[in-house]
2 protein chains.
Amino acid sequence: MRADARRNRDKILEAARDVVAERGTDAPMELIARRAGVGVGTLYRRFPDRNVLLAALAEQYVHELVDALDHAASAGPDAWSAVRAFVVHAVDESRGAVAAALAGTSAPEARQALVERLDVLVGQAQADGAMRPDVGTADVMDLLNVFACNPGVIPERFLPLMLDGLDRRPPGR
Amino acid sequence: MRADARRNRDKILEAARDVVAERGTDAPMELIARRAGVGVGTLYRRFPDRNVLLAALAEQYVHELVDALDHAASAGPDAWSAVRAFVVHAVDESRGAVAAALAGTSAPEARQALVERLDVLVGQAQADGAMRPDVGTADVMDLLNVFACNPGVIPERFLPLMLDGLDRRPPGR
DNA sequence: TCCTAAGTGGACGATCAGCTTCCGCTTACT
DNA sequence: AGTAAGCGGAAGCTGATCGTCCACTTAGGA
């Protein structure tokens, strides 16, 4: 692949992440192309259809999410803080990637990788007695899904409230 | 208005509530008509455009919501239970009506009526020390909005968790 | 019962947004 | 300098929804 082509490919993926974050996984392809400063033709040349693009998006960024999870796990004072930090990060910084990763058709193994890591942390947080025991990894994933699939939902206010809903003894009350 | 016409009008409103709950305020008009067992022509005769329909929907059902709120207020053991019961009811039973009522353009006074009643209850719940003091009526309304504007979000699991996020001392932990 | 104005359904043409192709021009690399 | 790869974006296509229109039906009064 020619160097300029590779550059464009990267620009497209970056733009796609932002646009998907804002408009969901069915955002117009042309919007993605324009955001990347590229013609639609170029986009279609690299990614023959939307699913290919989403799969590439997931693949490209999912390790970033896993890294974030690992980083949160080692940086945080405890497992529950790590879970919270990861969710905030995923929703705030990588919403498009999360959406792509969770979009059923593309990259199921990407989703799986996330789930497994998360599962460990959640179990730990519950063992610590910090996270309520009647919820689970699936709830955290669903939480991500709510934001990933509903670009209209602004996380600023709700994410903290929802996280408090998972907390055993919510802070600051 | 002829008796059959009135009957159809009612069927349309009922269908609209369901369809709006499922598909959001921009659901296809034809879907509403078919659900009501009526032709599109009939729908357009009664409601020249979508906003008229939404406004009628809001007007028709908003008092139902206010009643539900009042009922919850008098039936519940306390204000906070009443707020929870109302939100659950509104989201479960009247999602379409809520969506219509909150859809900015139509019926701002309908929204207002809800807010005022709710405001009293929320203040009470906080005074009781049952609801965390750093949230407000606006948060509860936003909560309704999340479900009203995002038909994809299934309330079953999330609504309780989110409500727990507003709770001062969440139950069952 | 009969008459008529109100009501009805749904086909139809208009519109629109997004998808995808195509091709003449440009550019990176040899 | 030559050439194949790459590029942009115009243009045609498609499918979905809108809103109108009119020939047919029916409620309800005389």
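Every chain is numbered from 1 and lettered A, B, ... according to where its sequence line falls, protein lines coming before strand lines.
When each of D:dG8, D:dT17, C:dG7 is scored by its nearest atom to the side-chain atoms of A:V38, the top-ranked nucleotide is D:dG8. Residue A:R46 places its side chain closer to D:dC7 than to any other of D:dC7, D:dG8, C:dG7. Among the nucleotides C:dG7, D:dG6, C:dT8, the one closest to any side-chain atom of B:N8 is C:dT8. Comparing D:dG6, D:dT17, D:dG28 against the side chain of A:M1 picks out D:dG6 as the nearest. Taking the side chain of A:D4 as heavy atoms from C-beta on, and the options C:dT8, D:dG8, C:dA28, the nearest nucleotide is C:dA28. For B:Y44, the side-chain atoms get nearest to D:dT20 when compared with the rest of D:dG6, D:dT20, D:dA27.
Contact check, B:T42 against C:dG7: no side-chain N or O comes under 4.0 Å of OP1 or OP2. Between A:R2 and D:dC7 there is no side-chain N or O to OP1 or OP2 distance below 4.0 Å. Distances shown here put every side-chain N or O of B:R34 at or beyond 4.0 Å from the OP1 or OP2 atom of C:dG10.
Taking the nucleotide of DNA chain D with the nearest heavy atom to each of B:V40 and B:R7, the more 5' of the two is matched to B:V40. In terms of position along DNA chain C, the nucleotide closest to A:P28 lies nearer the 5' end than the nucleotide closest to the other residue of the pair A:P28 and A:G41.
A salt bridge is absent between A:R132 and A:D167: the closest approach of a Lys/Arg side-chain nitrogen to an acidic carboxylate oxygen does not fall below 4.0 angstrom. A salt bridge between A:R84 and A:D164 is present, with a side-chain N of the basic residue lying under 4.0 Å from a carboxylate O of the acidic one. Classification of A:R117 and A:D70 as a salt-bridged pair holds, one side-chain N sitting under 4.0 Å from a carboxylate O. Classification of A:R111 and A:E116 as a salt-bridged pair fails, no side-chain N sitting under 4.0 Å from a carboxylate O.
What separates CZ of A:F47 from C1' of C:dT20 is a distance of 16 Å, to the nearest Å. Summarising the geometry, the separation between CD1 on A:I12 and P on D:dG6 is reported as 12 Å, rounded to the nearest angstrom. Spacing between atom CG of B:N51 and atom P of D:dG19 amounts to 10 Å, rounded to whole angstrom units. When rounded to the nearest whole Å, the span between CG of A:L43 and C1' of C:dG18 equals 13 Å. When rounded to the nearest whole Å, the span between CZ of A:R35 and P of D:dG8 equals 17 Å. Distance CD (A:E30) to P (D:dA10): 9 Å, rounded to an integer number of Å. The distance between atom CG of B:L31 and atom P of C:dG9, rounded to the nearest whole Å, is 16 Å. In this structure, the CG atom of A:L53 is 16 Å from the P atom of C:dG18, given to the nearest Å.
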Checklist entry - Does the salt bridge (charged side-chain N to carboxylate O under 4.0 Å, His left out) test come out yes or no for B:E64 and B:R17, once each step is laid out? => result CA-CA 13 Å; B:E64 207 175 288; B:R17 179 165 65 167; 3.0 Å; yes
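At the heavy-atom level, B:R9 lies nowhere under 4.0 Å from the strands shown.
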